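Structure, as structure tokens:
In this chain, numbering begins with 1 at the start of the sequence shown. Predicted model, so just to flag it, every value in this text is computed and none were measured.
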Amino acid sequence: MLEEDMEVAIKVVVVGNGAVGKSSMIQRYCKGIFTKDYKKTIGVDFLERQIIVNGEDVRLMLWDTAGQEEFDAITKAYYRGAQACVLVFSTTDRESFEAISSWREKVEMEVGDIPTVLVQNKIDLLDDTVIKNEEAEGLAKRLKLRFYRTSVKEDLNVNECVFNTTPHQTAGDLNGREVINLRPNKQRTKKTKNPFGSCRLL
Ligand SMILES: Nc1nc2c(ncn2[C@@H]2O[C@H](COP(=O)(O)OP(=O)(O)OP(=O)(O)O)[C@@H](O)[C@H]2O)c(=O)[nH]1
């Protein structure tokens, strides 16, 4: 098979308690939409988006896992092969914040220490926050994770946080902002050109 027939694919798992906004985040990133309705994810779901990294096509596969413990056995099986992880908690849900360490352990048990970011979602609801800034930042420090605050609803920081989960290298500092060079894990798949645009629901 020729090199140009192959493409780089990165599997990212999005993990955290129920209703923190995992499905919404993936939908926002892949389809650019937000819905107010809550539809619990049963088991796992999967969306993908094609991005260009250092001039190369990369297929980012975002795995949406159920937040409820009843689905643990199913979701764990889908962590396997993940190359990056997004750990999500909600600004208005204390339990989701306290559960982060245990979610990290569950992922680590299956796939080891993969690049992971910590995300505090629903920052549009900061007035109702149940988590102090110092607590969230302290947790990120303790777990040695890059930390993002997002609002999927307001489309704040979603692209940045998902993009930066993928294996990367910090190249330097430009005007005080980090420059990220992504270094995707070369998991090659046979190239199938998608005529329907940059992302699709499977
Ligand atoms: N205000 C606000 N609501 C949000 C935001 N993100 C998601 N939501 C809402 O939160 C609810 C839960 O979102 P989901 O994306 O279904 O949550 P989930 O984490 O996938 O939930 P499970 O499938 O149960 O694991 C929905 O009603 C969303 O509309 C946000 O940034 N701000």
Side-chain angles (χ1 to χ4, degrees), residues 6-68 71 74-75 77-90 96 103 107 111 114-124 146-168 180 182-202:
M6 314 288 270
E7 68 181 4
V8 177
I10 299 175
K11 176 175 178 176
V12 181
V13 283
V14 183
V15 174
N17 275 14
V20 295
K22 300 181 296 297
S23 305
S24 305
M25 182 173 289
I26 293 173
Q27 288 226 359
R28 170 66 85 190
Y29 185 74
C30 288
K31 301 206 265 185
I33 56 166
F34 173 76
T35 43
K36 278 211 296 213
D37 311 327
Y38 173 42
K39 217 173 106 218
K40 183 162 87 172
T41 306
I42 307 294
V44 290
D45 211 341
F46 162 54
L47 278 174
E48 63 180 35
R49 177 171 162 176
Q50 198 89 22
I51 57 171
I52 294 174
V53 179
N54 300 332
E56 191 168 10
D57 279 345
V58 173
R59 196 149 64 97
L60 217 52
M61 298 178 294
L62 293 163
W63 289 78
D64 184 9
T65 58
Q68 283 75 20
F71 299 114
I74 306 172
T75 53
Y78 286 89
Y79 297 159
R80 280 174 218 144
Q83 288 143 301
C85 173
V86 182
L87 288 174
V88 190
F89 66 94
S90 160
S96 72
W103 282 113
V107 175
V111 286
I114 53 174
T116 299
V117 295
L118 179 65
V119 177
Q120 172 174 357
N121 187 35
K122 306 196 188 183
I123 54 158
D124 53 291
R146 193 181 288 230
F147 178 46
Y148 291 90
R149 290 194 173 94
T150 63
S151 167
V152 173
K153 185 178 176 197
E154 309 288 342
D155 201 6
L156 284 174
N157 259 344
V158 177
N159 272 4
E160 293 78 353
C161 116
V162 177
F163 187 76
N164 286 337
T165 26
T166 52
H168 62 265
I180 305 294
L182 290 180
R183 292 203 173 278
N185 227 335
K186 297 240 169 184
Q187 178 181 306
R188 295 282 182 176
T189 58
K190 195 161 181 230
K191 201 167 198 164
T192 43
K193 286 260 180 256
N194 172 14
F196 302 109
S198 62
C199 76
R200 67 197 159 115
L201 184 57
L202 296 181

In the structure I gave you, are the side-chain heavy atoms of D57 and I52 within less than 4.5 Å of one another anywhere?
yes
Heavy-atom closest pair, residues C30 and L47:
SG-CB, 3.8 Å
R149 and N157 have their tightest heavy-atom pair at O-ND2, 2.9 Å
Residues, nucleotides or ligands: over 12 heavy atoms within 6.0 Å of Y79 OH:
yes
Measure the CD1-CD1 distance between I42 and I74 for me, rounded to the nearest 0.5 Å.
8.5 Å
Check whether any side-chain heavy atom of F34 lies under 4.5 Å from a side-chain heavy atom of Q27, and answer yes or no.
no
Check F71 against A66 and note the closest heavy-atom contact, atom names and distance.
CD1-CB, 3.3 Å
Working for side-chain contact (heavy atoms from CB on, under 4.5 Å), residues Y29 and I51
CA-CA 11 Å; Y29 185 74; I51 57 171; 3.7 Å; yes
Starting from the C-alpha separation in whole Å, work towards a yes-or-no answer on side-chain contact (heavy atoms from CB on, under 4.5 Å) for V162 and V12.
CA-CA 9 Å; V162 177; V12 181; 5.6 Å; no
In this structure, OG1 of T75 is separated from CH2 of W63 (nearest 0.5 Å) by 12.0 Å
For the residue pair N17 and S96, confirm or rule out a side-chain donor-acceptor distance under 3.5 Å.
no
Between K11 and R80, is there a donor-acceptor pair closer than 3.5 Å when you use the side chain of the first and the backbone of the second?
yes
Taking atom types as modelled, find out whether N121 and T150 have a side-chain donor-acceptor pair closer than 3.5 angstrom.
yes
Would you find a donor on one side and an acceptor on the other, under 3.5 Å apart, between the side chain of R59 and the backbone of E48?
no
OG-CD distance between S151 and Q120, expressed to the nearest 0.5 angstrom:
11.0 Å
Please report the shortest heavy-atom distance between C85 and I114, naming the atom on each side.
CB-CD1, 3.9 Å
Rounded to the nearest 0.5 Å, what's the gap from NZ on K153 to CZ on R28? Could you check?
10.5 Å
Working to the nearest 0.5 Å, report the span between OG of S90 and CD1 of I123.
11.5 Å
Here the pair of heavy atoms bringing Y38 nearest to Q68 is OH-NE2, 3.5 Å
Atom OG in S23, atom CG in L62: separation rounded to 0.5 Å?
11.5 Å
Give the C-alpha distance, both sets of side-chain angles, the deciding distance and a yes or no for side-chain contact (heavy atoms from CB on, under 4.5 Å) between V88 and W103.
CA-CA 9 Å; V88 190; W103 282 113; over 6 Å; no
Backbone N or O of G16 within a donor-acceptor pair of the K22 side chain at under 3.5 Å?
yes
Determine the minimum heavy-atom distance between T65 and V14, stating which atoms define it.
OG1-O, 2.7 Å
